[in-house]
2 protein chains.
Amino acid sequence: MDKSSLFHQFVSFTATVHQVTHDLTQNVTIANITPLQYKILEYIKVSQPVTPTEISDCQHMSLPNTSRELRKLQERNLIEKISDTEDRRKQYIRLSIEGNKMMEEAFACIEERFLQLIQHATQDDIKDIQQALFILEQKVFQQKI
Amino acid sequence: MDKSSLFHQFVSFTATVHQVTHDLTQNVTIANITPLQYKILEYIKVSQPVTPTEISDCQHMSLPNTSRELRKLQERNLIEKISDTEDRRKQYIRLSIEGNKMMEEAFACIEERFLQLIQHATQDDIKDIQQALFILEQKVFQQKI
DNA sequence: TTATTTAGTTATCAAATGATAAGTAATGGA
DNA sequence: TCCATTACTTATCATTTGATAACTAAATAA
């Protein structure tokens with residue numbers, strides 16, 4: 001087995017992953033949120049509390065643009081900014097009650113669609129899928145370049 | 001094992017996939033190509049010949065916008081349009097020599113980075129990865145909603 | 001203390017992308 | 001033949017996103 005043909009399998013796989021995640025997340029954002037804002041909220045949801053700099057790094061956007069989007073999200077009461085007591089330059093961002101509710105609903109919707117995707121999976125299938133996810137995470141995706 | 005905790009593992013996994021593919025494809029597009037144009041070329045590369053309608057459907061963009069981007073790509077001699085002899089409304093899009101060369105280089109660059117990612121994988125690891133990709137494709141990603 | 005660095009903001013501009021209306025030309029059905 | 005549909009184009013406008021300069025305030029190093 002050569003690594004080059006594994007590459008082709010990998011490319012095809014990632015294309016499918018992107019396709020499926022697009023389908024799963026399509027139209028979950030009922031509120032008037034831009035795709036970028038959704039991605040930011042999603043990141044805050046799973047990593048809160050986070051600083052603007054962290055968002056900037058992880059979402060590959062400049063700090064000024066991050067600041068702008070966070071301001072819009074705060075104006076819509078979806079997030080809260082809490083300044084660090086130690087270092088008063090720093091801020092911690094977390095979802096507001098409203099923002100959290102919105103993201104919970106979004107995730108519930110995605111989960112529902114995901115469960116449809118694996119509705120025919122047996123208990124053994126589930127175990128296989130879990131194992132496969134684990135192997136890929138460990139042997140491919142958590143490697144550093 | 002319940003399906004709900006599998007969902008969380010899945011979400012985390014897809015986030016990692018997006019992260020890694022972003023890193024792999026970063027800065028591969030030396031030519032002055034927008035991200036959208038790159039994605040279109042990538043799709044043409046692996047699926048050619050394709051019609052504008054197919055591109056429109058698969059890339060989730062309107063036909064007018066597809067037409068606009070294809071015009072730009074043709075102006076830069078990266079693609080060719082061939083009209084169908086049967087149905088003269090239809091067109092087939094394929095990469096030009098130049099466009100193909102560009103995409104070959106892009107893929108080579110991505111492959112190089114991918115190989116770095118799995119440089120420490122043994123022959124057994126490769127087999128495991130292959131098997132994991134196969135299982136996920138089959139049991140999760142190829143399911144229809 | 002003073003200078004430098006860090007964290008974030010505000011403002012502004014340009015480019016990319018999305019949405020929509022109106023059009024052409026070919027096809028296919030009634 | 002006439003009408004509806006399909007495939008695609010052109011034009012235009014709005015929105016989103018990216019890039020950059022100039023700024024404030026706090027922390028840290030010299």
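Quick note on labels: first sequence line is chain A, next is B, and so on, each numbered from 1. Owing to the predicted nature of the structure, the values given are computational and were not obtained by experimental measurement.
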What nucleotide, of dT10(D), dT20(D), dA7(C), holds the atom closest to the side chain of Pro64(B)? dT10(D)
In whole Å, what is the span from the CG atom of Leu63(A) to the P atom of dA21(D)? 15 Å
Could you tell me how the ring of Phe13(B) sits relative to the ring of Phe141(A): parallel (under 30°), tilted (30 to 60°) or perpendicular (over 60°)? perpendicular
Rounded distance in Å - OH (Tyr92(A)) to P (dA7(C)): 11 Å
Can you find a donor-acceptor pair, distance only, under 3.5 Å between Arg68(A) side chain and dG18(D) base? yes
Give the nucleotide from the list dT17(D), dC8(D), dA19(C) with an atom nearest to the side chain of Leu36(A). dT17(D)
When you match Thr85(B) and Glu69(B) each to their closest nucleotide on DNA chain C, which lands nearer the 5' end? Glu69(B)
Checking all strands, does Glu54(A) fall into the base, sugar-phosphate, or nothing category for heavy-atom contacts under 4.0 angstrom? nothing
Taking atom CD of Glu112(B) as the centre, report whether more than 12 heavy atoms of other residues, nucleotides or ligands fall under 6.0 Å from it. no
Does a distance-only test, which skips hydrogens and angles, find a donor-acceptor pair under 3.5 Å between the side chain of Asp87(B) and the base of dA7(D)? no
Heavy atoms from C-beta onward define the side chain here; which of dT12(C), dA27(D), dT9(C) lies closest to that of Lys81(A)? dT9(C)
Hey, is the side chain of Arg88(A) poking within less than 4.0 Å of OP1 or OP2 on dA26(D), counting only N and O atoms? yes
What is the distance, rounded to the nearest whole Å, between atom CG of Asp57(B) and atom C1' of dA7(D)? 12 Å
Could you tell me how far apart Asp84(B) (CG) and dA26(C) (C1') are, to the nearest whole angstrom? 11 Å
Do the side chains of Val11(A) and Glu111(B) get nearer than 4.5 Å, heavy atoms only? no
Just compare dT17(D), dT27(C), dT5(C) and give me whichever is closest to any side-chain atom of Arg89(B). dT27(C)
If you define the side chain from C-beta out and look only at heavy atoms, does anything of Leu133(B) sit under 4.5 Å from Ile129(B)? yes
How long is the line joining CD of Gln59(B) and C1' of dA16(C), in whole Å? 15 Å
Roughly how many Å is it from CE in Met61(B) to P in dT16(D), rounded to a whole number? 18 Å
Take atom CD1 of Ile33(B) and atom C1' of dA15(C), then tell me their distance rounded to the nearest Å. 15 Å
Of Pro52(B) and His60(A), the one whose closest nucleotide on DNA chain D sits nearer the 5' end is Pro52(B)
Determine whether a donor-acceptor pair (one donor, one acceptor, N or O, separation below 3.5 Å) exists between the side chain of Arg71(A) and the base of dG8(C). no
Distance, rounded to the nearest Å, where Gln91(B) contributes CD and dT6(D) contributes P: 18 Å
So, is Thr34(B) close to the dT17(C) phosphate, meaning a side-chain N or O under 4.0 Å from OP1 or OP2? yes
Can we say Glu69(B) and Lys72(B) salt-bridge, meaning some charged N sits less than 4.0 Å from an Asp/Glu carboxylate O? yes
Pro35(B) side-chain proximity, nearest of dT9(D), dG8(C), dA16(C): dA16(C)
For Arg76(B), is there an ion pair with Glu98(B) - N to carboxylate O distance below 4.0 angstrom? no
Between Ser62(A) and Thr66(B), which residue's closest nucleotide on DNA chain D lies nearer the 5′ terminus? Thr66(B)
